[in-house]
Each structure stands twice: as structure tokens, then as C-alpha cells.
Visitor: 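After the C-alpha cells below, expect a handful of questions from me.
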Amino acid sequence: SRVANFGWISSSPLLSKRLLHDIGSKYNPDWVFLGLDMSDFHDDLKYRSVLERKGLMASLDYIPITLLSLRKITSRSDFLHQQLFGYPGRRFFISDRPLSNSKKFFQETMKHINDIYQFTKNKLKARFALFIFPRAYQYSKGSTPNNWEKKEYEEMGEFSLEPFKYFENLKQSQNHYPIFSLLPNFEDSVVFPTTFDDDPHWNESGNEIAAEAINKIFKDRLNK
């Protein structure tokens, strides 16, 4: 099977959708895999505001440093950032509060995911699968001792698993495409650490856990 892999980091469903629309047909895939990271929800909102150039972002081409500095400063206050830019300032807001307080912001990302599914099905005539990637702060403590973004979340915090509750509920309510959480694979692993010393992204061991999990899912459940 030919697989278009959108499990790459530092992207988001919005950017993956644009890329798939632009070049997806060239690769004639049988499958499109989308890996969803915990930062993607905030990134989708941010990238959309940049692309649409609405509100304050209309001045981005003229005063980029000022606007980006203002966004960084106001990110400490969800209320102020939301008043100015239209979405919460904290990058991992989806996992620092009850799901009821963040659920409405999931719709932005879900729209892009559903668009990817529809494009995959109708244009590429291929199959689609969604994989939910956990961050280390959701399954372990102390994995990245010199973490540059450690102020962004609480390790194993009270609401850290709220996004997984959302997708577990979604699995029960829709049957258009399969959804797989990789959280259990990391929770059950004895490997430590799964991230770099000073970078919260997966190291070689973390990527190996994810790759083996996806490979097993594909062989056991998808490639039939």
C-alpha cells in the first residue's frame, strides 16, 4: 500500500490540508495517515488568523514584530489574548482546563480533519486514518528535565488527558474514519525517557514506540 504520511511535527491539520490539496494527487496514495499532536489545536487557530489577516492580523505585513511581540505578551492572559486575537493564548490550553471549557475550540481542527477525510475519499479515492499523539507530560514525569516549554503545562496535570476524552467520545459517535490513540502505547511502555533532555519532542525511543504502534495497527486492523 502507498501511504501519504502527515505525521510530521511542527505542522497542523490546516497546513496538512493545504499541502494535501496541492500535491496529494501526485502520489496516488492508497492511505492518508494524519498524526494529531497536542499543539495542533492552538496552531490551527494561529495559522488561520495569519492566513485570513483579520482584525489585528490585518497589519501583520506592516508591523510583524510588534504584532508577534504583542501576541507573545498577551499569551500569558487567556482573556486578553482571546479579546485581541480570538483564541486562547496558552499553547496547550486544551489540556489545562475541563473539556467543557475548551471543546468549542476543537471545532476548528475538526473541520480541517474532516476536510482532509473528504478530500482523501472523494478526490484521491483513498482511505484515511487519524492517529492521536500524546505528549510526554500526559504519560510521564521528568522526561525532559531541561524542557524549554515546561511553563506551558503541568506534568500529569488534572486535565492533561481531556483531549483523549474528546476523541474517545468522537469514536463512539462517528464511523466515517478510524481514530487511534497512541496514549496507551506510551503509558504501557517501560522505556524512559521518550523525549530529549532539552526538547519535549520524541527522541529515537519515543519515535520507535509510535512507529511500532502504527505499524501494528496497520497490519492488524487497517490493511484488510
Side-chain angles (χ1 to χ4, degrees), residues 1-54 57 87 91-92 94 102-135 138 163-186 201-202 204 206-224:
S1 295
R2 297 170 61 88
V3 176
N5 174 23
F6 282 91
W8 48 302
I9 63 173
S10 299
S11 179
S12 75
L14 170 57
L15 300 186
S16 292
K17 178 177 73 173
R18 289 163 61 88
L19 184 62
L20 186 67
H21 281 216
D22 287 345
I23 67 173
S25 297
K26 297 179 182 179
Y27 294 89
N28 192 30
D30 301 301
W31 279 95
V32 171
F33 285 179
L34 176 66
L36 187 68
D37 182 72
M38 293 297 111
S39 62
D40 288 349
F41 304 89
H42 186 272
D43 286 350
D44 270 345
L45 294 163
K46 177 182 67 177
Y47 294 143
R48 188 252 298 161
S49 71
V50 171
L51 289 168
E52 292 183 348
R53 292 292 203 277
K54 291 182 178 179
M57 299 308 289
Y87 58 95
R91 194 175 183 212
F92 295 90
I94 58 162
S102 61
K103 189 175 181 179
K104 65 179 180 180
F105 293 106
F106 280 67
Q107 301 312 307
E108 180 86 15
T109 289
M110 289 311 305
K111 177 183 182 301
H112 302 313
I113 292 174
N114 290 329
D115 286 348
I116 290 174
Y117 161 68
Q118 292 294 339
F119 184 83
T120 299
K121 176 185 176 183
N122 299 322
K123 179 66 175 180
L124 301 180
K125 307 301 181 184
R127 299 167 70 184
F128 173 73
L130 175 65
F131 296 88
I132 314 302
F133 294 165
R135 286 274 183 141
Q138 295 169 308
F164 292 93
K165 294 180 183 178
Y166 175 87
F167 284 101
E168 188 58 36
N169 292 334
L170 184 62
K171 283 175 62 175
Q172 307 304 320
S173 61
Q174 70 91 20
N175 59 2
H176 302 303
Y177 51 83
I179 300 173
F180 302 100
S181 165
L182 267 60
L183 178 63
N185 302 90
F186 283 87
H201 291 105
W202 292 330
E204 183 178 351
N207 277 290
E208 185 175 2
I209 293 171
E212 288 181 348
I214 294 172
N215 183 56
K216 188 175 189 308
I217 290 170
F218 183 69
K219 286 184 175 180
D220 293 349
R221 303 180 62 179
L222 297 179
N223 194 21
K224 296 179 179 179

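Predicted, not measured: the structure shown is a model, and the values here were computed from it.
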Visitor: Does any non-hydrogen side-chain atom of Leu124 lie less than 4.5 Å from one of Ser25?
Guide: yes
Visitor: Checking side-chain contact (heavy atoms from CB on, under 4.5 Å) for the pair Ile113/Phe128: CA distance, chi angles, key distance, verdict?
Guide: CA-CA 10 Å; Ile113 292 174; Phe128 173 73; 4.1 Å; yes
Visitor: Please report the interatomic distance CG(Leu182) to CZ(Phe131), rounded to the nearest 0.5 Å.
Guide: 7.5 Å
Visitor: Quick check: are there more than 12 heavy atoms from other residues, nucleotides or ligands sitting under 6.0 Å from CZ of Arg221?
Guide: no
Visitor: Using side-chain heavy atoms (C-beta onward) and a distance below 4.5 Å, is Tyr177 in contact with Leu34?
Guide: no
Visitor: Looking at CG of Leu36 and NE2 of His112, how far apart are the two atoms once the value is rounded to the nearest 0.5 Å?
Guide: 11.5 Å
Visitor: How about Glu204: does its CD atom have over 12 heavy atoms from other parts shown lying under 6.0 Å from it?
Guide: no
Visitor: When you measure from the side chain of Asn169 to the backbone N and O of Lys165, does any donor-acceptor pair fall under 3.5 Å?
Guide: yes
Visitor: Can you confirm whether Lys123 sits close enough to Thr120 that some side-chain heavy atom of one is under 4.5 Å from a side-chain heavy atom of the other?
Guide: no
Visitor: For side-chain contact (heavy atoms from CB on, under 4.5 Å), just list the numbers for Arg135 and Ser39, CA-CA rounded to whole Å, side-chain angles, deciding distance to a tenth of an Å, and then say yes or no.
Guide: CA-CA 9 Å; Arg135 286 274 183 141; Ser39 62; 3.5 Å; yes
Visitor: Given the rule in the side-chain contact (heavy atoms from CB on, under 4.5 Å) test, do Glu168 and Ile179 qualify, once you have shown the distances and angles that lead to the verdict?
Guide: CA-CA 8 Å; Glu168 188 58 36; Ile179 300 173; over 6 Å; no
Visitor: Between Asn114 (side chain) and Met110 (backbone), is there a donor-acceptor pair under 3.5 Å?
Guide: yes
Visitor: Which heavy-atom pair separates Ser12 from Tyr47 by the least distance, and what is that distance?
Guide: OG-CD1, 3.4 Å
Visitor: Working to the nearest 0.5 angstrom, can you tell me the gap between Leu170 CG and Phe164 CZ?
Guide: 13.5 Å
Visitor: For the ring pair Phe105 and Tyr87, is the centre-to-centre distance below 6.0 Å?
Guide: no
Visitor: Report the distance from atom CG of Asn215 to atom CG of Asp220, rounding to the nearest 0.5 Å.
Guide: 9.0 Å
Visitor: Show the nearest heavy-atom pair for residues Ala126 and Pro29, with the distance to one decimal.
Guide: CB-O, 3.2 Å
Visitor: Check whether Thr109 reaches the backbone of Phe106 with its side chain - one donor and one acceptor, N or O, closer than 3.5 Å.
Guide: no
Visitor: Taking the side chain as every heavy atom from C-beta outward, state whether Leu51 and Arg18 have any pair of such atoms under 4.5 Å apart.
Guide: yes
Visitor: Are the side chains of Pro134 and Trp202 in contact, using a 4.5 Å heavy-atom criterion?
Guide: yes
Visitor: Which class fits the ring pair Phe167 and Phe41: parallel under 30°, tilted 30 to 60°, perpendicular over 60°?
Guide: tilted
Visitor: How far does CG of Leu20 sit from CD1 of Ile116, to the nearest 0.5 angstrom?
Guide: 6.5 Å
Visitor: Answer whether the closest heavy-atom distance between the side chains of Phe133 and Ile214 falls below 4.5 Å.
Guide: yes
Visitor: What is the distance from atom CG of Asp43 to atom CG of Asp37, rounded to the nearest 0.5 Å?
Guide: 8.0 Å
Visitor: By side chain to side chain contact (heavy atoms under 4.5 Å, CB included), which residues pair with Lys103, not counting sequence neighbours?
Guide: Leu99, Tyr166
Visitor: Under the criterion side-chain contact (heavy atoms from CB on, under 4.5 Å), I'd like the reasoning laid out for Ile132 against Leu183: C-alpha separation, chi angles, the key distance, then a yes or no.
Guide: CA-CA 8 Å; Ile132 314 302; Leu183 178 63; over 6 Å; no
Visitor: Check this for me: does any side-chain nitrogen of one of Asp44 and Arg48 sit under 4.0 Å from a carboxylate oxygen of the other?
Guide: no
Visitor: So Asp115 and Lys111, salt bridge (charged side-chain N to carboxylate O under 4.0 Å, His left out) or not? Walk me through it.
Guide: CA-CA 6 Å; Asp115 286 348; Lys111 177 183 182 301; 3.1 Å; yes
